[in-house]
Amino acid sequence: MAKALPIMFQGTHSDAGKSVIATAFCRLFAQAGWKTAPFKAQNMSLNAYVTPDGKEIGRAQGIQAEAAGVPARAEMNPILLKPSRMNESQVVVLGRPYATMPAMAYRSEFFEQGLAIIRQSLDTLMSEYERIVIEGAGSPAEVNLNDRELVNMRIARLANAPVVLIGDIERGGVFASLVGTLTLLEPRDRKRVIGVIINKFHGDRSLLQPGLDWFERYTGVPVLGVVPYLPDLAIDAEDSLALERFAASSGGERAIDIAVIRCPKIANFTDIDPLLAEPDCRVRLVTHAAELGEPDVIVLPGSKNTIEDLVYMKQRGLASRIAALVAEGKTRVVGICGGYQMLGAVIRDPHGVETSLPEVKGLGLLPIETTLERAKVTVRSKAVLTWNGNRLAVQGYEIHMGRSTPLAGYVPLMEDDGGQMGAKRDDGRVLGTYMHDLFHNDAFRAAFFNDIRKEKGLSLSEPVPFRALKEAAFDRLAAHVCQHVAVERIEQMMRQFQHE
């Protein structure tokens, strides 16, 4: 059986744009009729994705699979590292929790086992697909780590993949970053680099041309594209650095003000992406009570360490301020996953899953209590949510290591075949759920915000089709990259590379 044709994208640093460029190529190859799979051997992220069979992988690979039009599967990201405490991560292997390990132990003890898992996953994908779009992580020039790295040039060699190096010009020093990276690569790995792409360009291309000409003369490596910055791209981000895009979110003077609590271990923050699609919503990140003000909505996102993040909120005055705003009837609160747990009466950790603290008091805004457990729930979920007398079908996914049980006065937020899910106050001003992607459900999102629009005297809105916006964004991204990158040349070089 013929093996798939691979291409690998690496960057000069984190958030250079590897995930976005890889997503574009997944879409481009799919549009050309090739059965395409994304692949990232090892990912470190608190933004996860649940596959149709209930496995947990990095968000970027799940989104890239969507762009390629194929179901996401665990082999696309065989190792996922989820930082939980200082210098410690939960290791997820083929979609299931394997162990929580310190960084040094992972590097010294897991390397050979991890490499074998990666090799098997890559072989599986190579035998079942026609194109493999491989993404690296960080930089391939981390000379202190390269002897046991599991995600950059070792994977390129394993797949016999040519490499395109991506530099981010927005941060400055792009030529120094590209030349420095190439210089620090081993000679055998430098030969794999078939070209570079300069990403996030602003301005007049002609002013950049002398630098491009110099770079090609100096390195002998071709510039395969200069990709202008593409704003308002409705595609899930994975790196927490991308959260800064919310700082510029603006919906006008009378906007619905949405404050998202940004704790150190914030996870699956893509839950708030659909809020940017609402033209009259302003989304801002808050880390201290002094920044909170009196927002219309407060969102408590997921967390990889709910107890430590709850303690962080108390120390910064956020917990008491949120409770006061709710008591005064000035704001609504939505807690998702870890945020849902925080809204309850207490969170217990009898097994030391997250911390040495046996329990911590919650915000006391919902009548539930939570016990953290060793077993992790990862599942796609569907339910019916009743809002203002209307029964709305909602769907999403769950990733959590706790079990929440109702106390006196409990009112369920939604129902499924197995019973009741989530919780809410009688007046609907405080909601909590384990279901990620709650706001991705257009009818619910419109109903929720239309209640606020009525209170503020704003025009009501029809549901914004967020999933359709995402599909259109995939096509927009692919067209943008195709316009500014020598895609046909890269495909030709991919074929040539396999015969050299």
Engineer: Under the criterion side-chain contact (heavy atoms from CB on, under 4.5 Å), I'd like the reasoning laid out for K456 against D280: C-alpha separation, chi angles, the key distance, then a yes or no.
Structural biologist: CA-CA 11 Å; K456 294 175 70 75; D280 56 358; over 6 Å; no
Engineer: Report yes if the side chains of L310 and L363 come closer than 4.5 Å at any heavy-atom pair, otherwise no.
Structural biologist: yes
Engineer: May I ask you to check whether E135 and S19 show a side-chain donor-acceptor distance below 3.5 Å?
Structural biologist: yes
Engineer: Between D168 and K200, does at least one N-O distance fall below 4.0 Å, as a salt bridge requires?
Structural biologist: yes
Engineer: Give the C-alpha distance, both sets of side-chain angles, the deciding distance and a yes or no for side-chain contact (heavy atoms from CB on, under 4.5 Å) between Y106 and S89.
Structural biologist: CA-CA 9 Å; Y106 174 81; S89 294; over 6 Å; no
Engineer: Look at D437 together with R59 and state whether they make a salt bridge at an N to O cut-off of under 4.0 Å.
Structural biologist: yes
Engineer: Please round to the nearest 0.5 Å and tell me the distance separating atom CG of L145 and atom CG of D147.
Structural biologist: 7.5 Å
Engineer: Under a 3.5 Å distance rule, please check whether D349 uses its side chain to pair with a backbone N or O of S356 as donor and acceptor.
Structural biologist: no
Engineer: What is the distance from atom CG of L318 to atom CD of E291, rounded to the nearest 0.5 Å?
Structural biologist: 8.0 Å
Engineer: Quick one: side chains of residues 408-416, donor-acceptor pairs under 3.5 Å with protein atoms, not counting sequence neighbours, listed by atom name and distance.
Structural biologist:
residue, atom, partner, partner atom, Å
Y410, OH, G422, O, 2.5
D416, OD1, G418, N, 2.9
D416, OD1, G419, N, 2.9

Engineer: Quick one: NZ on K82 to CG on N47, what's the gap to the nearest 0.5 Å?
Structural biologist: 8.5 Å
Engineer: Check ring-ring contact (aromatic ring centres under 6.0 Å, His included) between F25 and all other residues, then give those that pass, not counting sequence neighbours.
Structural biologist: F9, F29
Engineer: Got F448 and L385 here, is their nearest side-chain heavy-atom distance under 4.5 Å?
Structural biologist: no
Engineer: Determine the minimum heavy-atom distance between A74 and G95, stating which atoms define it.
Structural biologist: CB-N, 4.1 Å
Engineer: Taking atom types as modelled, is there a side-chain donor on Q90 or K376 under 3.5 Å from an acceptor on the other?
Structural biologist: yes
Engineer: Counting only heavy atoms not in E462 (residues, nucleotides, ligands), do more than 12 fall under 6.0 Å from its CD?
Structural biologist: no
Engineer: Does the pair D15/R171 count as a salt bridge with the N-to-O cut at 4.0 Å?
Structural biologist: yes
Engineer: Testing the basics here: between A255 and C281, what is the closest heavy-atom pair and its distance to 0.1 Å?
Structural biologist: CB-C, 4.4 Å
Engineer: Restricting to non-hydrogen atoms, name the atom on L94 and the atom on K55 that form the minimum distance, rounded to 0.1 Å.
Structural biologist: O-CD, 3.8 Å
Engineer: For side-chain contact (heavy atoms from CB on, under 4.5 Å), just list the numbers for L365 and I322, CA-CA rounded to whole Å, side-chain angles, deciding distance to a tenth of an Å, and then say yes or no.
Structural biologist: CA-CA 10 Å; L365 298 178; I322 291 170; 4.1 Å; yes
Engineer: Which atoms form the tightest heavy-atom contact between I166 and G17, and what is the distance?
Structural biologist: CD1-O, 4.1 Å
Engineer: Take atom CG in D53; do more than 12 heavy atoms of anything else shown fall under 6.0 Å from it?
Structural biologist: yes
Engineer: In terms of heavy-atom contacts, does NZ of K314 have more than 12 from other residues, nucleotides or ligands at under 6.0 Å?
Structural biologist: yes
Engineer: Measuring from I57:CD1 to S45:OG, what's the distance to the nearest 0.5 Å?
Structural biologist: 11.0 Å
Engineer: Check whether any side-chain heavy atom of F110 sits under 4.5 Å from a side-chain heavy atom of V93, and report yes or no.
Structural biologist: yes
Engineer: Do you know which two heavy atoms are closest between A137 and K40, and how far apart they sit?
Structural biologist: CB-CE, 3.7 Å
Engineer: Under a 4.5 Å cut-off applied to non-hydrogen side-chain atoms, are E308 and E354 in contact?
Structural biologist: no
Engineer: Salt bridge or not for D257 and R284, using N-O below 4.0 Å?
Structural biologist: yes
Engineer: Is it the case that the side chain of E142 and the backbone of N144 share a donor-acceptor pair, with hydrogens and angles ignored and the cut-off at 3.5 Å?
Structural biologist: no
Engineer: In Å and rounded to the nearest 0.5 Å, what is the CD1 to CG distance from I266 to L300?
Structural biologist: 10.0 Å
Engineer: Less than 4.5 Å apart, any side-chain heavy atom of C263 and any of M313?
Structural biologist: yes
Engineer: Are there over 12 heavy-atom neighbours, none belonging to K35, within less than 6.0 Å of that residue's NZ?
Structural biologist: yes
Engineer: Donor-acceptor pair, distance only, cut-off 3.5 Å: does the side chain of N441 make one with the backbone of L438?
Structural biologist: yes
Engineer: Quick one, L372 with M401, criterion side-chain contact (heavy atoms from CB on, under 4.5 Å). Give me CA distance, side-chain angles, the key distance, then yes/no.
Structural biologist: CA-CA 6 Å; L372 300 182; M401 300 186 76; 5.6 Å; no
Engineer: Do side-chain atoms of D442 reach the backbone of P463 as a donor and acceptor pair under 3.5 angstrom?
Structural biologist: no
Engineer: Might you point out which heavy atoms bring L125 and I132 nearest each other, and give the distance in Å?
Structural biologist: O-CD1, 3.7 Å
Engineer: Would the distance check show the side chain of R348 and the main-chain N or O of E369 forming a donor-acceptor pair, the cut-off being under 3.5 Å?
Structural biologist: no
Engineer: Do T306 and K265 make a side-chain contact, defined as non-hydrogen atoms from C-beta onward lying under 4.5 Å apart?
Structural biologist: no
Engineer: How many angstroms lie between CG in N77 and CD in Q61, if you round to the nearest 0.5 Å?
Structural biologist: 5.0 Å
Engineer: Check the pair F466, F439 against ring pair (Phe, Tyr, Trp, His ring centres under 6.0 Å), reporting the backbone distance first and the verdict last.
Structural biologist: CA-CA 9 Å; F466 187 74; F439 284 124; over 10 Å; no
Engineer: Could you tell me if R73 sits above the aromatic ring of Y49, with its cationic atom closer than 6.0 Å to the ring centre and no more than 45 degrees from the axis?
Structural biologist: no
Engineer: Just checking, is any N or O donor in the side chain of T378 or R96 under 3.5 Å from an acceptor N or O on the other one?
Structural biologist: yes
Engineer: Is a side-chain donor or acceptor of K3 paired with a backbone partner of D123 at a separation under 3.5 angstrom?
Structural biologist: no
Engineer: Go through the side-chain N and O atoms of S139 and T12 and say whether any donor and acceptor fall under 3.5 Å apart.
Structural biologist: no
Engineer: Only one of T287, L292, D309 passes side-chain contact (heavy atoms from CB on, under 4.5 Å) with I261; say which it is.
Structural biologist: L292
Engineer: Answer yes when R332 and E455 have at least one side-chain N-carboxylate O distance shorter than 4.0 Å, and no when they do not.
Structural biologist: yes
Engineer: H436 vs Y397 aromatic rings, parallel, tilted or perpendicular, using cut-offs 30° and 60°?
Structural biologist: parallel
Engineer: Quick check: do V20 and N199 have side-chain heavy atoms less than 4.5 Å from each other?
Structural biologist: no
Engineer: Which residues satisfy the side-chain contact (heavy atoms from CB on, under 4.5 Å) test with D427, sequence neighbours excluded?
Structural biologist: R425, R429
Engineer: Does the plane of the ring in H400 sit parallel, tilted or perpendicular to the ring in Y434? Use 30° and 60° as the thresholds.
Structural biologist: parallel
Engineer: Heavy-atom distance under 4.5 Å between the side chains of T23 and I21, does that happen here?
Structural biologist: no
